[in-house]
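Right, one structure below, let's go through it.
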There are 2 protein chains.
Amino acid sequence: MAYRETALVRARKDSVRHSILEAARSLVGQGGFRAAQMSAVAAAAGVATGTIYRYFPTQIDLFAEVFRGNSQREVDAMQSAAATAGSCSQRLSLAVSTFITRALRNRRLAYALIAEPVDPQVEAERLNYRQAYAKILEALLEEGMVSGEFVRQDARITAAALVGLLGETMLGPLLHSTPTARQSVADSIIALCLRAVGVKP
Amino acid sequence: MAYRETALVRARKDSVRHSILEAARSLVGQGGFRAAQMSAVAAAAGVATGTIYRYFPTQIDLFAEVFRGNSQREVDAMQSAAATAGSCSQRLSLAVSTFITRALRNRRLAYALIAEPVDPQVEAERLNYRQAYAKILEALLEEGMVSGEFVRQDARITAAALVGLLGETMLGPLLHSTPTARQSVADSIIALCLRAVGVKP
DNA sequence: TTAAAGAATGAATAGGAGTTCAATTCTTTA
DNA sequence: TAAAGAATTGAACTCCTATTCATTCTTTAA
């Protein structure tokens, strides 16, 4: 034998893989998935298109990983917010406002993750993450019902509804509002969520 | 001149156009937009593919018209429900349950209209119709606030939120529930909507 | 009946983006 | 330094449908 992968090569391959992912992530963050053609990703990553295929079997696999990476961050952020100290209402408010704030910080990315038309297999990832959000909210709702803060309800449905509610308001009124109006819009959404879960007075 | 379109020809052309639209509508209703390739539409309509182009400049135009046709029916149905006699709460309940019932009656179509990945120009139609739903709900919310049935709120935001809420719950929990569970799920969604708009006791 | 104008046909074409692969360059070890 | 094994390259290829258009029917009016 005259060749075996050394740590150095391993490291460089890891770095190439990382570059490709980062390039794709950046393109998606700027122009959505449609802007991330393989040739564009390759150019941005500084490799040939063929090289991408040594790291990702298909474009869909690459996109799925980009989707997971981006979405997981959002889910984690919401999870942290939901896990803070305080009443369930406060934690729900924080979780929701975290979602809103982060979506506003990168609206194109938010659009890509929430609503951009994508390949069905990437859409499957989207559904996974919508469920991940829903699970977090569902747990919070259950807790709030036990503590008596929220009225009795089907937590699974309310959780899904909140996810849909947040997505739609991010794409609709909020994105087109002026910067000064944003805070009040965000406040409206939070108030709406609290009403929806039936916070008792 | 030796040829001029007569009423007979006019009528047949109208009928061909109608066949094409109907074929497309049916395919979309069964398998979504992805199942409605031009060749499939032509076959279903009993014409050659080239013929479609004498009636619709591009596939996108055809799809947009199919989308509008289908969506308008849904919007009209909700509008009727919202315009019945009764309290604003009752009318909201009816509007929401109308939406749910109709979505359940044709789930594939509901998916195509609500969430199937489509061309951006068809997506634009989708946004139009989401706004149409929202407008109906917004008017109802305004009325309910004036009458004192609903708490003060930003009706535009709540309306958008309800649209998102309905769409998400149609795709999530409801579609996968058993037939017997459907009614209770629908009831949960209605109750949720009433809480969200802040129905006063 | 016939010529002009339209309408319909469907095989051929176009175009765009993902994917492949023969040739090339790089790494490693003997 | 050489040879084997990998990795990289990017132009060529593939695939898939939407779209076109030369040809063939139909219809109309003289």
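FYI, side chains are in, hydrogens and waters are out, and symmetry mates aren't considered; it's all heavy atoms of this structure. Proteins get letters first, then strands, A, B, ... in listed order; numbering begins at 1 in each.
Atom-to-atom, CD of B:Gln37 to C1' of D:dT19 comes out at 15 Å; the value is rounded to the nearest Å. Atom CG in A:Leu8 sits about 17 Å away from atom P in D:dA6, given to the nearest Å. Here the C1' atom of nucleotide D:dT20 and the CE atom of B:Met38 are 12 Å apart, to the nearest Å. The distance from atom CZ of B:Arg4 to atom C1' of D:dT27 is 14 Å, rounded to the nearest whole Å. One atom, OH of A:Tyr53, and another, P of D:dA6, lie 23 Å apart when rounded to the nearest Å. We find that CD1 of B:Ile60 is positioned 12 Å from C1' of D:dT19, with the value rounded to whole Å. In this entry the distance linking CZ of A:Phe56 with C1' of C:dT20 reads 18 Å, nearest Å. A:Glu5 has its CD atom 10 Å from the P atom of D:dT8, to the nearest Å.
A:Ser39 comes within 4.0 angstrom of no nucleic acid atom, judged by non-hydrogen atoms across all strands. Within 4.0 Å of B:Tyr55, counting heavy atoms only, lie sugar-phosphate atoms of the nucleic acid but no base atom. Contact annotation for A:Phe63: no contact, since no heavy-atom pair falls under 4.0 Å across all strands.
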field: Chi angles and distances behind the side chain to side chain contact (heavy atoms under 4.5 Å, CB included) call for B:Arg195, B:Leu192
entry: CA-CA 5 Å; B:Arg195 286 200 303 275; B:Leu192 172 59; 3.6 Å; yes

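Side-chain N/O atoms of B:Arg12 include none lying less than 4.0 angstrom from OP1 or OP2 on C:dA7. Contact check, B:Arg54 against C:dT9: no side-chain N or O comes under 4.0 Å of OP1 or OP2.
A distance-only check finds no donor-acceptor pair linking the side chain of B:Glu74 to the backbone of B:Ala110 [under 3.5 Å]. Judged purely by atom type and a 3.5 angstrom limit, A:Asn70 uses its side chain to pair as donor or acceptor with the backbone of A:Val66. Although no hydrogens or angles enter the test, the distance criterion places no donor-acceptor pair under 3.5 Å between the side chain of B:Arg156 and the main chain of B:Ala134. Of the possible donor and acceptor atoms, one in the side chain of A:Gln153 sits under 3.5 Å from a partner among the backbone N and O of A:Val151.
Between B:Arg17 and B:Glu65 a salt bridge is recorded (basic side-chain N to carboxylate O distance below 4.0 Å).
You'll find that the side chain of B:Thr58 is closest to D:dT19, out of D:dT27, D:dA7, D:dT19. Here the nucleotide nearest the side chain of A:Ala48, chosen from D:dT9, C:dT28, D:dT17, is D:dT9. Closest to the side chain of B:Thr51, from the set D:dT19, C:dA8, C:dT28, is C:dA8. Residue A:Val47 places its side chain closer to D:dT9 than to any other of D:dA7, C:dT9, D:dT9.
Along DNA chain C, the nucleotide nearest to B:Val9 and the one nearest to B:Thr49 differ in position, and the one closer to the 5' end is contacted by B:Val9. Residue order along DNA chain D, read from the 5' end via each residue's closest nucleotide, puts B:Pro57 first among B:Thr6 and B:Pro57.
Shown here for A:Ser89 and A:Phe150, the closest heavy-atom pair between the two residues is OG-CE2, 3.7 Å.
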field: Dot-bracket pairing map - DNA chain C, Watson-Crick plus G-U, both contacts under 3.5 Å, | cross-strand
entry: ||||||||||||||||||||||||||||||

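Using cut-offs of 30° and 60° on the angle between ring planes, the pair A:Phe33 and A:Phe63 is tilted.
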